[in-house]
*Asks:* 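Mind looking over this structure? Questions follow.
In listed order, ligands and their atoms are each counted from 1. All values reported here derive from a predicted model rather than from experimental measurement. Quick note: numbers below take in every heavy atom, side chains included, and nothing from hydrogens, waters or symmetry partners.
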Amino acid sequence: MTATLLQNARRAGRFDGLVDVLLDDGRITAVVPAGAAPSSSSTTTRQAVDLDGRVLVPGLWDAHTHLTQWALVRHRLDVSEATSPAHAAALVRARVHGATTPTPQGQPLVGYGFRWAGWDTEPTAAALDEAVGDVPVILLSGDLHSAWASTAGLRYLGIHHHPTGLLREEEWMAASPRIVTVDDDVADELVVDAARAAAERGVVGIVDFELADNLTDWRRRLARGWGGLRVRAGVWEQYLGEVLEAGLADDDPLDGAAGGLVTQGPLKVISDGSLNTLTAFCFDAYAGATGEDAHGILNIATDQLAPLMSRAHEAGLRCAIHAIGDHANALALDAFAAAGARGSIEHAQLLRADDVARFAALGVTASVQPEHAMDDRDIAEDLWPDRTARAFPLADLRRAGVPLALGSDAPVARLDPWVAVAAAVTRSRDGREPWHPEQSLDLRTALEASVDRRSLDLDVGGPADLAVVDVDPFAVDPDGLREMPVAGTLVAGQWTHRAF
Ligand SMILES: [Zn+2]
């Protein structure tokens, strides 16, 4: 095994000189002043890499992803800005010729979001053929009720003669399964590619809440050879039996290999809906809503949640309970208390003050997605006008001592922890006024909530999971955190991304 000596590194937020960091056997084994040769316990060869004053931070984690969905969606081209068929075709051509995320062999380029109702001319297959030739292209309309395909795209859908290339309503519904579902080989290839892209942003690990048989899917990926990203594979109730039967508890490697990168994650349960669909379960009715669902919808009966969590807890699994409305959060906390379970509440978007304190008392992690606050601030003002002061209450959680974990909920937001950190710190995007800035996090807290609760000071003995960034996050304008330049990433001491 080769040890790696990272020379001339700086530590984030510390301006006390350069250090050398020795990585051996997948761990950080020494942090010493630059030039003071650290002693290595093993007699391995040593590879030195000069970081030239770049900043080393613990590798980043995304605590909430749907990785396969993200892997699919990130290849889709956004054509929602197109104002004509020619404009959309030009966007397609630019993507085909300048792709940073090439479409896998044999797969169509899928775009989404075009709105042709306002266009002067109708979309045609010929317009796309003219732009990209024999490349299969399929664009989904903004309302998903129609699709527009190139001739090769039509062929991919099994349609050999079509008068226009614009498939509407039933015609599209009949053809769409070919696009909406992909087989395992394709999904796995896309997931590998998504993991590579995550590494380019300094990511070393994710929690995967894909709504799927994750044990089977990840064992298959491990068997094919998986590297580059740690994964905690969540389990849904319908697949819990298999996980229990396999005797897997928290953080057990799914392939049984010591130091395995893919480990057992928590039981995931959805307890309510979402803000945008007025289904997050709240104590107070949504503004303007009447009728029996005016408070939102609970997805699991209160007398079923705690027993389900007990079952997982007794088997050594954490629980990750989706709860967005304040009432759903209160009930989820009740269930944590009743089951004696450990774990997290996912989202925690609206909380009563008493329940913030209960998070802390029960040691339940608030697994939050700060960028959702930026996406949903306007709808929150519309639907929760009387309560946005306690919506996405990151600072309240922090002050109460609640463990925080930041995530993206990709594909809802981009799988990029720097985006989550920036949103948490600035409560702002695109130059808008900060939204409830009193609920923002300080940068140190936001970073620590994005590195699996490791120390920013690079503790000796910890895993050699690291990101190399070109500038100190504490020295940049907070808006600039979104585009933090990442020069390198290591998982267990192995480079998963290196751009210097
Ligand atoms: Zn999710």
*Asks:* With a 3.5 Å cut-off and sequence neighbours excluded, list the donor-acceptor pairs that the side chains of residues 293-301 form with protein atoms.
*Replies:*
| from | atom 1 | to | atom 2 | distance (Å) |
| --- | --- | --- | --- | --- |
| H295 | ND1 | C282 | O | 3.3 |
| H295 | ND1 | F283 | O | 2.9 |
| N299 | ND2 | D272 | O | 2.9 |

*Asks:* Could you please give the number of protein N/O/S atoms within less than 2.8 Å of the Zn ion (ligand 1)?
*Replies:* 3
*Asks:* Decide, yes or no, whether a salt bridge links R429 with E371 under the criterion of side-chain N to carboxylate O below 4.0 Å.
*Replies:* yes
*Asks:* On a heavy-atom basis, which atom in A249 and which in A315 lie closest, and how many Å separate them?
*Replies:* CB-O, 3.6 Å
*Asks:* Measure from NZ or CZ of R232 to the centre of the six-membered ring of W218 and say whether it is under 6.0 Å with the direction within 45° of the ring axis.
*Replies:* no
*Asks:* Check whether the side chains of D250 and Q264 place a donor and an acceptor atom closer than 3.5 Å, and report yes or no.
*Replies:* no
*Asks:* Working to the nearest 0.5 Å, report the span between CH2 of W148 and OG of S141.
*Replies:* 12.0 Å
